Amino acid sequence: MIAGERERIRVELGDERSYDVVIGRGAIDELAALDARTVVVLYDVAVEALAQQVLTAFGSRVLFVRGLVGGEEVKTWELAGELYDWLAEAHVDRDTVLIAIGGGTVTDLAGFVAATFLRGLRWCAVPTTLLAAVDAAVGGKTAINLNAGKNLVGVFHHPSLVAIEPAAFATLDPRDVAAGLGEALKTALVADPELFDFFERNMTRALAADPDVLSTIVAHCVAAKAIVVAGDERERDEGGAGGRAILNFGHTVGHALEKTCGYGALRHGEAIVLGMRAALALSRERGLPPAVASRIDALVHAIPAPRPDAAPAAIIAATASDKKRKAGKVRFILIRDIAQPYIVDDVTEDAVRAALTAIL
């Protein structure tokens, strides 16, 4: 991606729900061209300046504005209910567009509320964290959490537009940058060997939040995810090749870690880095070539992640609520090589326990 230029990537869904992801300086200017009689804005208070730009662009078309503090704790029935009441009091109708500005938890919640209020409002995402830009805001997955697990109540509801302003990443602290890079590396491992090579050459610059490097990474991740989503929008994998589920590499253990450590103790991307280390150990046991494993190991350990405060037995128990399970079996995404993922459902508890030594 050339510095200073906008890149437009189309997420093709085969019908009028297809949409653009615009990346680059001034991407939010695209919002003003929306065919929206009125808008409501939900934003993370950490990016109030960017939210103000959006509000200025829409002027009198803004019906209502709500700021909140992002984090997994916002993805609850209670807050969703408050937002439903908020939308009703603002006399929102189906010509209104909901605009979500913030990280992945804000876009997850906003998309879920948009999908379910009045049986569906249009919505747009302005992801302001690296993690949201490379993953959460693209693909139409929206959800809230339950005590039993993460993202267990949700719906597929694609945005009408995603506008990514890389300048927003300049305000992120190093942990948030690293967390976003964890999800980006996952995409490279399962779907983009060119991005993997880019990581090998540029990991130090990426961790230092070099804007050109991060813009390139975001563009790669969006393009790769758009292809995967177009082929298996609702994660049904009817072709038998893994489909959209491959994007959950590292997530079986990662989500279990988030649950057992308590939501918020780990950034989502940190949990995925740890989950990828465990998945790499399982992949090695099933024949991942040592030379490839060493290259991957170097990158997944280059991204810092705290040691989780969780017992192996609790982590293993938490995998039982994983959304990817089928016929009562927990599924793991593993890899044979770079961009050659596969799914297994016969991983034993002993194998998982041994893999957890890579992170505990």
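Nothing here was measured: the structure is a model prediction, and the numbers come from that model.
Using cut-offs of 30° and 60° for the angle between ring planes, the Tyr84 and Phe117 rings count as parallel. His157 and Trp123 have parallel rings, their planes meeting at less than 30° on a 0 to 90° scale where 60° marks the start of perpendicular.
There is no side-chain donor-acceptor pair under 3.5 Å between Thr319 and Thr252.
Ion pairing of Asp15 with Arg17 is present here, as a side-chain N (NZ or NE/NH1/NH2) and a carboxylate O approach within less than 4.0 Å. Classification of Arg25 and Glu165 as a salt-bridged pair fails, no side-chain N sitting under 4.0 Å from a carboxylate O. The pair Lys150-Asp108 fails the salt-bridge criterion, with no side-chain N (NZ, NE, NH1 or NH2) lying under 4.0 Å from an Asp/Glu carboxylate O. Ion pairing of Glu233 with Arg244 is absent here, as no side-chain N (NZ or NE/NH1/NH2) approaches a carboxylate O to less than 4.0 Å. Between Arg8 and Asp20 a salt bridge is recorded (basic side-chain N to carboxylate O distance below 4.0 Å).
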>> Please determine whether side chain to side chain contact (heavy atoms under 4.5 Å, CB included) holds for the pair Leu356 and Ile315, giving the CA-CA distance in whole Å, both sets of side-chain angles, and the decisive distance to 0.1 Å.
In response: CA-CA 9 Å; Leu356 290 177; Ile315 298 169; 4.1 Å; yes

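In this structure the side chain of Leu299 reaches within 4.5 angstrom of the side chain of Phe196, judged on heavy atoms.
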Taking only distance into account, with no hydrogens and no angle test, what donor-acceptor pairs under 3.5 Å do side-chain atoms of residues 220-231 form with protein atoms, sequence neighbours excluded?
unit_1	atom_1	unit_2	atom_2	d
His220	ND1	Asp192	OD2	2.8
Lys225	NZ	Asp135	O	2.7
Lys225	NZ	Asp135	OD1	3.3
Lys225	NZ	Val138	O	2.7

Tabulate below the donor-acceptor pairs under 3.5 Å that side-chain atoms of residues 283-292 make, not counting sequence neighbours, or state none.
unit_1	atom_1	unit_2	atom_2	d
Ser283	OG	Ala279	O	2.8
Ser283	OG	Ile335	N	3.1
Arg286	NH1	Asp346	OD1	3.1
Arg286	NH2	Asp346	OD1	2.9

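Glu73 meets the salt bridge (charged side-chain N to carboxylate O under 4.0 Å, His left out) test with no other residue; sequence neighbours excluded.
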